[in-house]
2 protein chains.
Amino acid sequence: MSLQDTSQHSNCTAMSDVLNRIGDKWSVMVVGMLGRQGTLRFNELKRLINGVSQRMLTLTLRNLERDGLVTRTIYPEVPPRVEYALTELGKTLQQPISALWDWSSENHGSIMDARAIYDARSAAVAEDAPRKVAYVGSEGRLAGARSI
Amino acid sequence: MSLQDTSQHSNCTAMSDVLNRIGDKWSVMVVGMLGRQGTLRFNELKRLINGVSQRMLTLTLRNLERDGLVTRTIYPEVPPRVEYALTELGKTLQQPISALWDWSSENHGSIMDARAIYDARSAAVAEDAPRKVAYVGSEGRLAGARSI
DNA sequence: CCGTATCCACATCGATACTG
DNA sequence: CAGTATCGATGTGGATACGG
């Protein structure tokens, strides 16, 4: 709503909106899996995607279905069978997702390295920090300013 | 290529890890802005990215810096000046991000349409619910056929 | 087998106030 | 200008239990 006109690029809203839906890891995983494997049942997806809870998988699939990225086909059998697959729109999303996926596996190492360096430096700085609060007394400015 | 190994858990964790950092909208916005505009100061970024709070921009920039995607340059002046820019690694991230960005602006309309259809059906089903699904008409072309 | 519903610990984020 | 600190509302996600 208040996200209008971020610079001249009016499609920032679109980007935000899309990112809010497909920007979480479960959605990316599901699209990736369905893109590679084709059609999958609920529990197949659950097994393939490590760590996802039933609840989150259901929610993710519902959102993807709602956004027209995934089809949900129910076979009225016993036991029930439900199959998921990408729509045409969902298939087009595969390319940008694969690009991001490739970038990730390619650069994950660099990121980990950068983090290690950054954290090492932060730790070093933190060790010097206490010096600047060595002594707090004798400043008369507290005299009348005791406002609790 | 790498997409073939995506069934391996090692790649999934890399993807998860990367997505957890760069998968939120503020990071994407920042990288997008810095990619387009080059070097920007803190408040320039804040103005360009509509809706971001000072706190979130700071946190986002710190994370991006930690991951080696953004440089932070402090000029010891009064008033202080701090400039942010993409690193080489950050620049390589631009491609997958703009791919996603392009996809978003291109397909946001389709998604909104799909949502409208889905919501309309859900509402209809909810109204029939007490009577146990009498008729599931309204053949929608969910699966594809998206005009360009 | 495929969900939905409930509870709750936990993280996230915005608002606000303050500093150098 | 460019942060840091704190707090409270809100959201998120896992565990669990149950229903079709």
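Every chain is numbered from 1, with letters handed out A, B, ... down the list of sequences. For the numbers below, each heavy atom of this structure counts, side chains included, while hydrogens, waters and symmetry mates do not.
- Considering every non-hydrogen atom in both B/Thr39 and B/Ala85, the closest pair reads OG1-CB, 3.7 Å.
- Relative to the six-membered ring of B/Trp26, B/Arg21 misses at least one condition, a distance below 6.0 Å or an angle of at most 45° to the axis.
- Between the CD atom of A/Glu65 and the C1' atom of C/dC2 there is a distance of 14 Å, given to the nearest Å.
- C/dC1 atom P lies 14 Å from atom OH of A/Tyr84, rounded to whole Å.
- Nearest nucleotide to the side chain of B/Met56, out of D/dG14, C/dG14, D/dA2: C/dG14.
- No contact: B/Tyr75 has no heavy atom under 4.0 Å from any strand.
- With C/dC2, D/dG14, D/dA2 as the candidates, the nucleotide lying closest to the side chain of B/Asn43 is D/dA2.
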Grab the N/O contacts between the protein and nucleotides 15-18 of chain D below 3.5 Å, and write none if there aren't any.
none

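- Computed from coordinates, the A/Lys25 NZ to D/dG13 C1' distance equals 10 Å when rounded to whole Å.
- Between A/Arg62 and A/Asp67 there is no salt bridge, since no side-chain nitrogen of the basic residue lies less than 4.0 Å from a carboxylate oxygen of the acidic one.
- Taking atom CG of residue B/Leu45 and atom P of nucleotide D/dA2, one finds them 10 Å apart after rounding to whole Å.
- Note on A/Arg81: every side-chain N or O is 4.0 Å or more away from OP1 and OP2 of C/dC2.
- Atom-to-atom, CG of A/Asn63 to P of D/dG11 comes out at 15 Å; the value is rounded to the nearest Å.
- For B/Pro80, whose side chain is taken as the heavy atoms from C-beta onward, the closest listed nucleotide among C/dC2, D/dA2, D/dT4 is D/dA2.
- In this structure, the CZ atom of A/Arg72 is 8 Å from the C1' atom of C/dC2, given to the nearest Å.
- B/Arg21 has its CZ atom 13 Å from the P atom of C/dA11, to the nearest Å.
- The separation between B/Met29 atom CE and C/dC13 atom P is 14 Å, rounded to whole Å.
- Among all heavy-atom pairs drawn from A/Ser110 and B/Leu89, the shortest one is CB-CD2, 3.9 Å.
- Side chains of A/Ser27 and A/Asp24: a donor-acceptor N/O pair is present below 3.5 angstrom, by distance only.
- Scanning for side chain to side chain donor-acceptor pair (under 3.5 Å) contacts around B/Arg55 gives an empty result, with sequence neighbours left out.
- At a threshold of 4.0 Å, the pair A/Arg81-A/Glu83 counts as salt-bridged, since one of the basic side-chain nitrogens sits closer than that to a carboxylate oxygen.
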